[in-house]
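See below for the structure under consideration.
No hydrogens, no waters, no symmetry mates; every other heavy atom, side chains included, goes into these values. Note that the structure is predicted; figures quoted are calculated from it, not measured. Order of the sequence lines fixes the chain letters, A, B, ..., with proteins taken first and strands second; residue numbering starts at 1 for each chain.
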2 protein chains.
Amino acid sequence: MVTRGGRRRVTIADVASRAQVSTTAVSKVLRDAYGVSPAMKERVRAAIEELGYRPHAAARAMRGRTFTVGVMLPHLRNPFFADIVDGLTDELSGTGYQAILVQGGSTQKAEKAAMDALVDRQVDGILLVAPLLARARLEEVARQVPVVVLGRHERSPHFDAVFDDDETGAELVVNHLIELGHRRIAHITHQDNSTARPGDLLHVIRADTYRRVMREHGLEDEIAVATTYYSEEGGYDGAQELLRRPSRPTAIFAGADQAAFGVLAAAHDAGLSVPGDLSVAGYDNTKLAALPNISLTSIDQPGVVMGGTAGRLLRERIEGRTTAVRFSVGPSLIVRRSTAAPADLPEA
Amino acid sequence: MVTRGGRRRVTIADVASRAQVSTTAVSKVLRDAYGVSPAMKERVRAAIEELGYRPHAAARAMRGRTFTVGVMLPHLRNPFFADIVDGLTDELSGTGYQAILVQGGSTQKAEKAAMDALVDRQVDGILLVAPLLARARLEEVARQVPVVVLGRHERSPHFDAVFDDDETGAELVVNHLIELGHRRIAHITHQDNSTARPGDLLHVIRADTYRRVMREHGLEDEIAVATTYYSEEGGYDGAQELLRRPSRPTAIFAGADQAAFGVLAAAHDAGLSVPGDLSVAGYDNTKLAALPNISLTSIDQPGVVMGGTAGRLLRERIEGRTTAVRFSVGPSLIVRRSTAAPADLPEA
DNA sequence: ATGAAAGCGCTAACAC
DNA sequence: GTGTTAGCGCTTTCAT
């Protein structure tokens, strides 16, 4: 390593000699372990304070905990992820744990590398947000370090799961559109690069539920799905494709707000008014959805609660819990001005 | 630590015995260091492959590099940050370096803790995005580990700086509005909790430039600044305040797109049309600004380039460069439909 | 209650 | 070109 100018780091030995005790004693005080007298504890604390000592995480990692939890996010473009991280950070604050984030990307290879990076850095626990890898791969990691998976519905004995009830959420949206009088309701879903069981992936659940509800209302012939991406571009492309079809949809349910924004753009560019010519609904209830110019009907997921819960479950696992926990939150429909009765029908 | 079920991690010793060489040899191959024959290199590579060996980052951290760079972001809500991280990740890909992110928060205390967390984890370099701490504090860290600061204009001998020319950017916006015929142009700036020299902070530069350009055009009496936050809520509150003032502005220049979105919402709620009754401009040219329903005039900053450059500078510093580099990128004005000539004036 | 000492996985002197 | 070995800063037996 390049030698830096800075003076040598304060180590546990410095603290020990300052406090006139052994390094063992200092270590015990640091971890609040058994076997130090109050007086000694006080002396050590004072020395730590005076020297501005902070434990060296890498050195700790060689023996015990790093007091670090790793979070893998697919990317940083969905504000919903920010809620998750805020919830987690909140839950962790005061516990001495620090969250570090890595970007998983959109390929399984990149995701594996990101996960390995966390394992190699010896984090005490890992939160995986909407991972792509097959369950077996996740369990492989879960065998080495406590894992919580957020956004997948899997039931695994080796890791905990935190998710929103995507089936209910999708149902709420499709029912809402049907109640408004729509029949030609289309859906935009996400093209994944995943080897997970499809039924465990949130976008697959949303799409399947869309199909099921359509069928339940005798609308099987109107089912139209565009498979692009949960992104602005994906929504734009998907909407363009759907709007070109012979029987143009009167409503589009995009599986995520980000995609719904693209749908709004495509509608605009096609000269269609929303909701006059086309109703649009999203999922996630991001802040932007509430902007008056957008006013997007969406499904609210309590991201902060989900992130906080994930943090708590991770801490429990780090403390020794080995039985799996699944935590599901209930979504709610937020109706805004982007959805209305179709034009060719009388108002309700 | 809780003992996990997983089998023991593969270590360098396992690789060495499998390849029938010393651990030194393996270490050398790993780091592409001098002094290994091609034949031996081949044997070692094969053994690594067969055993699925990955170096233990924490152990490396005790002696040499961790091949990790740390990034501190204030929060995850600005998509511009995603561009920066993408640029960095791109630049780092293939070099063996992994980026880990931590959230700095909005207080200096939280920011210090986040920075310390990176230092304690022995990252090889740190990228600080729009930090709040005083220059002296940043230099303290820079003495221990290579640092690049993104988004501050500081000239320090101890760290590199990457920033956008905020003065030019703000000039472009204000001049654009003046050319359209506006006189009552207001500005929304960010309330920081910083002890940095004000002149080094991007939001202060944008606000000061706004004032200067206004004065240069004889509009000093029209200067109106609301100090809230670069966020949707901040923009909303700031706009409300500005629109309540006796001589209502005909244009608002928000220092960031996020805040401009809030301005659009406030305008809508006040029954004002954009750009009919009020022109609105932002800064950052986030993707949402391009959505037809928003169509926000903004300043484009090449976030990917900035992040990539930061990564390159960091690598150079890690390799031994000690002289400071400053890298400034040029902003450009993107005119959209949120700005137009004020209503009470004849069209140009 | 306290401390000496071994050792976590790796790198870098240094010897051969 | 190759291997031996001494630590890096901590935690954890295990004596005392």
Going by the rule salt bridge (charged side-chain N to carboxylate O under 4.0 Å, His left out), which residues pair with [X] if we only count those two or more places apart in sequence or in a different chain?
X       : result
B:Asp83 : A:Arg77
A:Glu91 : A:Arg315
A:Glu50 : A:Arg18
B:Lys41 : B:Asp32

Hey, is [X] close enough to [Y] for a salt bridge, meaning N to O under 4.0 Å?
X        : Y        : value
B:Asp124 : B:Arg60  : no
A:Asp160 : A:Arg317 : yes
B:Arg54  : A:Asp116 : yes
B:Glu139 : B:Arg135 : yes
A:Arg312 : A:Glu316 : yes

Side-chain donor-acceptor pair present, A:Gln103, B:Asp86, cut-off under 3.5 Å: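 Per modelled atom types, A:Gln103 and B:Asp86 side chains form a pair under 3.5 Å.
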With a cut-off of less than 4.0 Å, is there a side-chain N or O of [X] near OP1 or OP2 of [N]?
X       : N      : result
B:Arg9  : C:dC8  : no
A:Arg63 : C:dG9  : no
A:Ser27 : D:dT11 : yes

Rounded to the Å, how far apart are [X] [atom1] and [N] [atom2]?
X        : N     : atom1 : atom2 : value
B:Gln122 : D:dG9 : CD    : C1'   : 10 Å
A:Arg65  : C:dC8 : CZ    : C1'   : 17 Å
B:Met62  : C:dG7 : CE    : P     : 16 Å
A:Arg43  : C:dG3 : CZ    : C1'   : 13 Å
A:Leu30  : D:dG9 : CG    : P     : 15 Å
A:Asp120 : C:dC8 : CG    : P     : 19 Å
B:Arg121 : D:dG9 : CZ    : C1'   : 15 Å

Of residues 47-61 of chain B, the positions that come close to DNA chain D - non-hydrogen atoms, cut-off under 4.0 Å: none
DNA chain D contacts made by residues 11-23 of chain B, counting heavy atoms under 4.0 Å: B:Val21, B:Ser22
Which residues share a side chain to side chain contact (heavy atoms under 4.5 Å, CB included) with A:Leu202, sequence neighbours left out: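 Scan of A:Leu202 (side chain to side chain contact (heavy atoms under 4.5 Å, CB included), adjacent residues dropped) gives A:Asp166, A:Arg206, A:Tyr230.
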Non-neighbouring partners of B:Pro38 that pass side chain to side chain contact (heavy atoms under 4.5 Å, CB included), sequence neighbours left out: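 Side chain to side chain contact (heavy atoms under 4.5 Å, CB included) list for B:Pro38, sorted by chain: empty.
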Pair listing, ring pair (Phe, Tyr, Trp, His ring centres under 6.0 Å) test, anchored in residues 91-121 of chain B, at least two apart: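 Passing the test, one end in residues 91-121 of chain B: B:Phe67-B:Tyr97.
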Summary of ring pair (Phe, Tyr, Trp, His ring centres under 6.0 Å) pairs that have at least one residue in residues 127-155 of chain B, sequence neighbours excluded: B:His153-B:Phe163
Contact list for DNA chain C against residues 32-42 of chain A - heavy-atom distance below 4.0 Å: A:Tyr34, A:Gly35, A:Val36, A:Ser37, A:Met40
Inter-axis angle, terminal five-pair segments of the helix from C:dA1-D:dT16 to C:dC16-D:dG1 [nearest 10°]: 40°
